[in-house]
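Notes follow the structure.
Atom set for the values below is all heavy atoms of this structure, side chains included, hydrogens, waters and symmetry mates excluded.
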Amino acid sequence: MNTNTATYVHGYSSQEARRLGDQADTLATLLHAGTAYPVGSRVLEVGCGVGAQTVHLVRNSPGARIVAVDRSEESLAQARAYLAAQEPGADVTWRTADLFHLPFPARAFDHVFACFVLEHLPAPGRALAALRRVLRPGGTLTVIEGDHGSVVFHPDSHRAHEVIGHQVRLQAAAGGNALLGRELQPLLRGAGFGDVVIRPRTVYADRTRPAMVEGFTRKTFIAMVESVRDDALGAGLTTAADWDRGIADLRLTADGDGTFHYTFFKAVAVNPGP
């Protein structure tokens, strides 16, 4: 087994591709605000997956020269089709590559963008070192990660927290870390980056924000947790009855007077050079 890579705990189903698209569209303003690259700049997006974030990079930086890489050829095929449908004529170069063995020379890019990538890797520090290698001195790295420990909701429910905890444990067993957001600052510093700035980006949803309730609480977060049901049962983490009760309680946060809160962490750092 390659210890640099982990299993993508959410899988590669068509439902997961839709969930990723819903998530990216719902959170585009929140997560991509402040991220725009100059015309002609060389931008690398790593772990682009099905292109859910690539679309927003293109929209915010139409003149940038974007190279999007992923280790899954199937995901890249979906990404090409998705971008062609959403932004016809957009010029993106697609490459099949492993983050730890990027086929680019040192200092090849002015900027690097990684969204929801490090959380799926057992060696995020080594991943950041690999990204620093291909980033020119003075170039910027933007990293966005979530942290499932930041979840707060009403009505509160121990059973709902338990099903979220099962997803966290499954991701850890697969080699990832669903609590990575809180670690971004020390990880970036440890990889040699400078001028590290962390900006928490908070999602809050209640009945006065129906688009956020539907797009994030239901279609992003709850859908993500629901997708690991079979794995949680197969690993003996819970019973079907307990799982179903926990999910039912979690769904209450998107109904009536329910509320939901989650924090993403967006980091921007600079490669200081050798």
Side-chain angles (χ1 to χ4, degrees), residues 1-8 12 20 24 31-32 35 37-38 40-58 60-61 63-80 82-83 90-145 174-177 180 183-184 186-196 266-274:
M1 177 180 177
N2 185 345
T3 56
N4 287 331
T5 59
T7 301
Y8 183 61
Y12 295 92
L20 291 171
L31 298 185
H32 285 267
T35 300
Y37 301 114
S41 58
R42 302 162 299 170
V43 180
L44 174 65
E45 182 193 6
V46 293
C48 68
V50 297
Q53 304 296 335
T54 314
V55 167
H56 298 287
L57 287 177
V58 167
N60 286 358
S61 304
R65 291 149 48 195
I66 298 174
V67 177
V69 305
D70 198 272
R71 66 180 183 175
S72 168
E73 292 185 4
E74 181 181 353
S75 293
L76 284 174
Q78 290 178 280
R80 290 188 188 95
Y82 185 65
L83 186 67
D91 185 14
V92 172
T93 300
W94 308 95
R95 295 287 297 272
T96 304
D98 184 279
L99 189 157
F100 294 92
H101 303 93
L102 292 170
F104 308 112
R107 307 182 179 191
F109 295 96
D110 301 303
H111 307 282
V112 176
F113 180 87
C115 186
F116 310 145
V117 175
L118 298 182
E119 66 168 300
H120 298 294
L121 303 176
R126 290 205 296 274
L128 289 171
L131 296 180
R132 187 179 167 210
R133 181 189 72 81
V134 300
L135 184 62
R136 69 165 173 80
T140 67
L141 169 68
T142 298
V143 180
I144 302 172
E145 293 290 349
N177 180 6
L180 189 74
E183 300 180 26
L184 279 182
L187 278 171
L188 287 160
R189 294 291 298 178
F193 286 91
D195 298 327
V196 180
K266 182 174 183 177
V268 178
V270 175
N271 180 13

Report the distance from atom CZ of Phe113 to atom NE2 of His56, rounding to the nearest 0.5 Å. 10.0 Å
Indicate yes or no: at least one non-hydrogen side-chain atom of Trp94 is less than 4.5 angstrom from one of Thr54. yes
Do the side chains of Phe109 and Leu131 get nearer than 4.5 Å, heavy atoms only? no
Under a 4.5 Å cut-off applied to non-hydrogen side-chain atoms, are Val92 and Leu57 in contact? no
For Ala114 and Val46 the tightest heavy-atom approach is CB-CG2, 3.5 Å
Just by modelled atom types, is the Gly40 backbone N or O under 3.5 Å from a matching donor or acceptor in the Arg65 side chain? yes
Spacing of CD1 belonging to Ile66 relative to OG belonging to Ser41, to within rounding of 0.5 Å: 8.0 Å
Rounded at 0.5 Å granularity, tell me how far CG in Leu135 sits from OG1 in Thr140. 6.5 Å
Between Arg95 and Val67, is any pair of side-chain heavy atoms under 4.5 Å apart? yes
Nearest 0.5 Å please: distance from the SG atom of Cys115 over to the NE2 atom of His32. 5.5 Å
Less than 4.5 Å apart, side chain to side chain, heavy atoms only: is that true for Leu128 and Leu141? yes
Shortest non-hydrogen contact between Val69 and Leu76, atoms and distance: C-CD2, 4.5 Å
Beyond-backbone contact of Phe193 with Val143, side-chain heavy atoms, under 4.5 angstrom: no
Testing Arg132, His111, Arg107 one by one against Asn271 for a side-chain hydrogen bond (donor to acceptor under 3.5 Å, both in side chains), which residue passes? Arg132
Minimum-distance pair of heavy atoms, taken over all atoms of Pro124 and Leu180: CG-CD1, 4.4 Å
Answer yes or no: is there a donor N or O on one side and an acceptor on the other, between the side chain of Gln53 and the main chain of Cys48, under 3.5 Å? no
Heavy-atom pair of closest approach, residues Ala79 and Gly49: CB-O, 3.5 Å
When rounded to the nearest 0.5 angstrom, what is the spacing between OG1 in Thr93 and CG in Asp91? 6.0 Å
Rounded to the nearest 0.5 Å, what separation is found between the CG atom of Leu99 and the CG atom of Asp70? 10.0 Å
Heavy atoms of other groups near Arg80 CZ, more than 12 under 6.0 Å: yes
Do the side chains of Glu183 and Leu118 get nearer than 4.5 Å, heavy atoms only? no
Quick one: are Lys266 and Leu31 in side-chain contact, heavy atoms under 4.5 Å? no
Show the numbers, then the answer: is there a side chain to side chain contact (heavy atoms under 4.5 Å, CB included) between Leu102 and Leu44? CA-CA 11 Å; Leu102 292 170; Leu44 174 65; 4.1 Å; yes
List the atom of Val43, the atom of Ala64, and the distance in Å for their closest heavy-atom pair. CG2-CB, 4.0 Å
Tyr37 vs Asp110, test: side chain to side chain contact (heavy atoms under 4.5 Å, CB included). Steps then yes/no. CA-CA 9 Å; Tyr37 301 114; Asp110 301 303; over 6 Å; no
Please say whether more than 12 non-hydrogen atoms of neighbouring residues, nucleotides or ligands are located less than 6.0 Å from CZ in Arg189. no
